[in-house]
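Have a look at the structure below before the remarks.
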Amino acid sequence: MSYFKTTILVCITIAISASVFAQEKPQQFQSKGNPIFTHAYTADPAALVKNDTLWLYTGHDFEGGQKSYKMKDWLVFSTSDMINWTEHPIPLKITDFAWAKSGDAYAGHVQEKNGKYYWYISTNWSGIGVAVADNPAGPFKDALGKPLLTNKDCFASTHSWACIDPATFIDDDGQAWIFWGNRECYYAKLKDNMIEIDGEIKQIEFDGFEFTEAPWIHKKDGKYYLTYATEFPEKIAYAMADNIEGPYEYKGILNEIAGNSNTNHQAVVEFKDQWYFIYHNGGINTDGGSYSRSVCIDKLYYNSDGTLKRIVMTTEGVDPAL
Ligand code: FUB
């Protein structure tokens with residue numbers, strides 16, 4: 001082999017090793033306000049708190065300046081103080097779901113149950129799947145080899161992207177629930193194994209419910225809060241109930257249109273005695289936009305009657321959580 005060929009071969013080997021190493025090694029960095037991640041385009045946040053760590057699972061817009069969704073994998077980050085973050089190796093890709101012919105890695109939600117982590121993901125028109133891992137950082141594997149839910153389960157819908165945006169919630173009695181949908185909002189119980197629907201699929205309906213997508217359930221002081229995207233471009237609205245199945249009462253707008261993005265997709269989570277509202281905007285200069293989005297975090301506050309104060313979206317982001 002000539003000197004030239006040997007040199008090229010050595011260079012290629014070094015480059016491949018460096019990229020494999022880069023993918024496998026968690027990356028540490030500090031956020032400097034909103035958007036919290038500026039080295040990648042992130043969307044559709046879902047948060048999970050485990051002990052004193054907040055795990056943040058996001059969708060991944062392919063690059064800046066996009067004119068349509070191009071999402072092929074999901075990302076996972078963790079923090080113990082909301083400022084110092086670790087980015088873990090890519091934990092899940094749309095190609096991990098062989099049945100997901102749509103090829104779109106849309107919004108998801110991770111839930112812990114019985115020491116395992118279940119990642120419910122949406123795929124645009126191929127259905128909602130579930131992957132499982134022993135560790136919050138993964139690696140995650142398709143748990144079923146087929147979708148958990150498909151458009152056929154969305155009995156009141158006729159459009160192809162009806163079966164998206166899963167959000168799960170485990171109630172104080174241990175019962176796990178899954179909510180999802182676009183235009184129509186559905187919910188069902190999950191079996192204890194977390195990978196089968198238990199019983200009937202039902203639809204959420206109440207006066208004033210103009211649902212676009214992105215349902216999220218949280219509970220505080222015995223009240224259930226359903227936050228969701230409304231209208232388009234999206235705002236986030238919310239409703240409250242005394243039971244998870246409702247009846248829900250519409251309470252108003254929680255978050256206004258998020259800058260430079262027609263979607264807003266929120267997560268609500270309590271971490272170290274502070275409530276947070278996590279969402280995305282199109283705020284990265286100069287290539288951010290509706291299809292090149294960025295996750296942001298601001299604080300969520302309650303009124304004394306349990307209703308929610310309007311979110312104040314900030315550039316500065318949140319203080320360290322100690
Ligand atoms: O990211 C793709 C889709 O956009 C999500 O599934 C929706 O919630 C919206 O954010």
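Order of listing sets the numbers, starting from 1, for every ligand and every atom in it. Just so you know, these numbers come straight off a predicted model, no measurement behind them.
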* **Cationic N near anionic O, under 4.0 Å, Lys299 to Asp319** => yes
* Structure fact -> One should read off an interatomic distance between Thr212 OG1 and Lys235 NZ, to the nearest 0.5 angstrom, of 11.0 Å
* Asked: Do the charged groups of Lys70 and Asp61 touch, with an N to O distance under 4.0 Å?
  -> no
* To do: Taking the six-membered ring for Trp and the full ring for Phe, Tyr or His, determine whether the centres of Phe77 and Trp55 are under 6.0 Å apart.
  => no
* To do: Please list, by chain and number, the protein residues whose heavy atoms come under 4.0 Å of ligand 1.
  => Asp44, Tyr69, Met71, Tyr106, Ala107, Ile164, Asp165, Glu213, Thr263, His265, His280, Arg293
* **NZ/NE/NH1/NH2 to OD/OE distance under 4.0 Å, Lys141 and Asp96** => no
* Can you name the nearest heavy-atom pair linking Trp85 to Ile297, along with the distance? -> CZ2-CD1, 3.9 Å
